[in-house]
Amino acid sequence: MGTRNSQIDNFISRQCKRAHKNKIIGSIGTAQDSMSSMYQFADFVNENSFLINVIDDSFSSLKNLLMNVDFELANEFINYRVSMELSKATVERDCQVLNFWLAYISKCTKPQPKLLVKNYKNVTIIPRFTRTYTTEQIDLVCSHITDRNSFSVRICQVSNIRVHELLTLRKLEEQAASIRVLSNIKLQAQKFKFLGFSSEFVLYSVVGKGGLIREIAIPSKMVEQLESFKLETPSEKTDRGINYIQHYDLAFGKALSSSFSSASKRWLGWSTGIHSLRHDYAKFRLKTLFRLLKDYELAKHVVSQELGHFRPDITDTYLY
């Protein structure tokens, strides 16, 4: 039987993109997440094809096995993922993706029950307080990756940028922040953005989820080095299937995330991913703002705006 290769990855990618085009899968980001889950599933199928009850040799290719998966094999995969002590959100996403695959892609003719995460009693919710790196740990990770990657990590660390948002980074005067009509505590919170952030900083902006352009603060001591990465001519880049116009030659996206995680696992023995730096930023800023404002709810609203959420209930997920 063939192993998973670029042809299999392309096959999965086409199915997920077609589902997005047909509005079976919502956003491009969800389609990308679906691909990630299906790549994991393809590896599992490749290693456990004996679980599929087929006789015809025509099923012997990995692609045909994926086209004929049934509930039993999908169920085995979810149990395997649970045994890895992944987060409940990850297992839930795997269930959703496989339900889509069983309903729209698989040629299996018998009725297929739905995979429901609540049926997996041992799903572990990984404590969110593990999403924390000390300054010394970040220094260690950065010392074992390239200088370009290291500087991009530092930018993420101080500014709460997502790795794909590095592609959209620009000076605030070149890319104005989105205007939102705010009232009450949200309007009050807007006045305190970046309070106590640093003695000196420069405002830049990035394009976040939903096309929202938000301000970010970069410490003045990092600006000169950042500007040394500025491109004379903006360059077209693609990350996870989405096109961007890059203005700074920074490391970004999936490649940067993989570099960070690999170095973290090798030198620390674990990784919570580069995205966890946003969690660290949120916790640090909340402590700083609460100390200065003496008002927890107001401080949380300020952090939510700095993160680009404008909803403090979402910010809660970043604080543990």
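This chain uses plain numbering: 1 for the first residue, then up along the sequence.
Looking at residues two or more places apart in sequence or on another chain, you find no side-chain hydrogen bond (donor to acceptor under 3.5 Å, both in side chains) involving Asp295. Applying the side-chain hydrogen bond (donor to acceptor under 3.5 Å, both in side chains) criterion to Thr90, with sequence neighbours excluded, gives Ser87. For Phe41, the ring pair (Phe, Tyr, Trp, His ring centres under 6.0 Å) partners at least two apart in sequence or on another chain are Phe77. Taking Gln175 as the reference, Ser205 meet the side-chain hydrogen bond (donor to acceptor under 3.5 Å, both in side chains) condition, with sequence neighbours excluded.
Not a single donor-acceptor pair under 3.5 Å links the side chain of Gln15 to the backbone N or O of Ile12. Using modelled atom types, one side-chain atom of Ser276 and one backbone atom of Gly273 make a donor-acceptor pair closer than 3.5 Å. In this structure a side-chain-to-backbone donor-acceptor pair under 3.5 Å is missing from Asn75 to Phe71. Looking only at distances, a side-chain donor or acceptor of Ser264 sits under 3.5 Å from a matching main-chain atom of Trp270. Using modelled atom types, no side-chain atom of Ser259 and backbone atom of Ala255 make a donor-acceptor pair closer than 3.5 Å. Looking only at distances, no side-chain donor or acceptor of Ser257 sits under 3.5 Å from a matching main-chain atom of Gly253. Looking at Asn160, its side chain does come within 3.5 Å of a backbone N or O of Glu306 through a donor-acceptor pair. The backbone N or O of His275 lies less than 3.5 Å from no partner atom in the side chain of His279, so there is not a single donor-acceptor pair. Without hydrogens or angle criteria, Gln246 side chain to Thr168 main chain gives no donor-acceptor distance under 3.5 Å. Panel note: side chain Ser159, backbone Ile155; a donor-acceptor pair is recorded below 3.5 Å.
The two atoms that bring Leu256 and Ser152 nearest to each other are CD2-CB, 3.7 Å, heavy atoms only. Across all non-hydrogen atoms, the minimal contact from Tyr248 to Leu226 is CD2-O, 3.5 Å. In terms of heavy-atom proximity, Ala251 sits nearest to Leu166 at O-CD1, 3.3 Å. Among all heavy-atom pairs drawn from Val141 and Ala263, the shortest one is CG1-CB, 3.9 Å. Across every non-hydrogen atom of Phe194 and Glu215, the tightest pair is CZ-O, 3.6 Å. Listed here is the closest heavy atom pair of Ala189 and Val302: O-CG2, 3.5 Å.
A salt bridge is defined here as a Lys NZ or Arg NE, NH1 or NH2 lying under 4.0 Å from an Asp or Glu carboxylate O, and Glu165 with Arg214 meets this definition. Ionic pairing of Arg148 and Asp249 is present here: one or more N-O contacts between side-chain nitrogen and carboxylate oxygen are shorter than 4.0 angstrom.
When the side chains of ILVMFWY residues are joined at heavy-atom separations under 4.5 Å, either directly or via intervening members, Phe252 and Ile245 end up in two distinct hydrophobic clusters. The cluster map of Ile, Leu, Val, Met, Phe, Trp and Tyr, joined by side-chain heavy atoms under 4.5 Å apart, puts Leu212 and Leu187 in the same cluster. Connection of Leu250 to Leu231 is not established within any shared hydrophobic cluster, with ILVMFWY side chains joined at heavy-atom distances below 4.5 Å, either directly or through further cluster members.
Applying the side-chain hydrogen bond (donor to acceptor under 3.5 Å, both in side chains) test to pairs two or more places apart or on separate chains, those with a residue in residues 231-241 are Thr238-Asn243.
To the nearest 0.5 Å, atoms SG (Cys156) and CG (Leu277) are separated by 6.5 Å. Atom CG of Leu140 is separated from atom CG of Leu268 by 5.5 Å, given to the nearest 0.5 angstrom. A distance of 11.0 Å separates NZ of Lys221 from CD of Glu200, quoted to the nearest 0.5 Å. For the atom pair Gln225 CD and Asp147 CG, the distance stands at 8.5 Å (nearest 0.5 Å). To the nearest 0.5 Å, the span separating NE2 on His301 from CG on Leu182 amounts to 10.0 Å. Note that CD of Gln40 is 8.0 Å distant from CG of Asp94, once rounded to the nearest 0.5 Å.
Here the side chains of Arg81 and Phe44 are not in contact, with every heavy-atom distance at 4.5 Å or above. Leu307 places a side-chain heavy atom less than 4.5 Å from the side chain of Tyr281. Between His164 and Tyr244, some side-chain heavy-atom pair lies under the 4.5 Å cut-off. Counting only heavy atoms from C-beta outward, the side chains of Gln305 and Gln190 approach each other to under 4.5 Å. Inter-residue side-chain proximity for Tyr39 and Ser13 is flagged as met; some heavy-atom pair is nearer than 4.5 Å.
With ring centers used as reference points, Phe229 lies under 6.0 Å from Phe151. Aromatic rings of Phe284 and Phe197 (six-membered ring for Trp) have centroids beyond the 6.0 Å cut-off, not under it.
Between Phe11 and Trp101, the ring planes are perpendicular. Angles over 60° get that label, and only those under 30° would be called parallel.
The closest side-chain donor-acceptor pair between Asn149 and Arg154, if any, does not fall under 3.5 angstrom. Under the 3.5 Å distance criterion, with hydrogens and angles disregarded, no donor-acceptor pair is assigned to the side chains of Glu174 and Tyr204.
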Take Leu203 and Ile216, measure what side chain to side chain contact (heavy atoms under 4.5 Å, CB included) needs, and give me the verdict at the end.
CA-CA 6 Å; Leu203 290 178; Ile216 62 163; over 6 Å; no
For Ser271 and Tyr133, run side chain to side chain contact (heavy atoms under 4.5 Å, CB included): C-alpha distance rounded to whole Å, both residues' side-chain angles, the deciding distance at 0.1 Å, then the answer.
CA-CA 9 Å; Ser271 172; Tyr133 283 92; 3.5 Å; yes
Test Ile274 against Ser261 for side chain to side chain contact (heavy atoms under 4.5 Å, CB included), laying out the working first.
CA-CA 7 Å; Ile274 195 169; Ser261 293; 5.9 Å; no
Kindly indicate, with the supporting measurements, whether the criterion side chain to side chain contact (heavy atoms under 4.5 Å, CB included) is fulfilled by Ser258 and Lys254.
CA-CA 6 Å; Ser258 297; Lys254 185 177 180 181; 4.2 Å; yes
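Under a cut-off of 6.0 angstrom, the local environment of NZ in Lys230 is crowded, with over 12 non-hydrogen atoms contributed by other residues, nucleotides or ligands.
The other residues sharing a hydrophobic cluster with Val207 are Ile213, where clustering joins ILVMFWY side chains under 4.5 Å apart.
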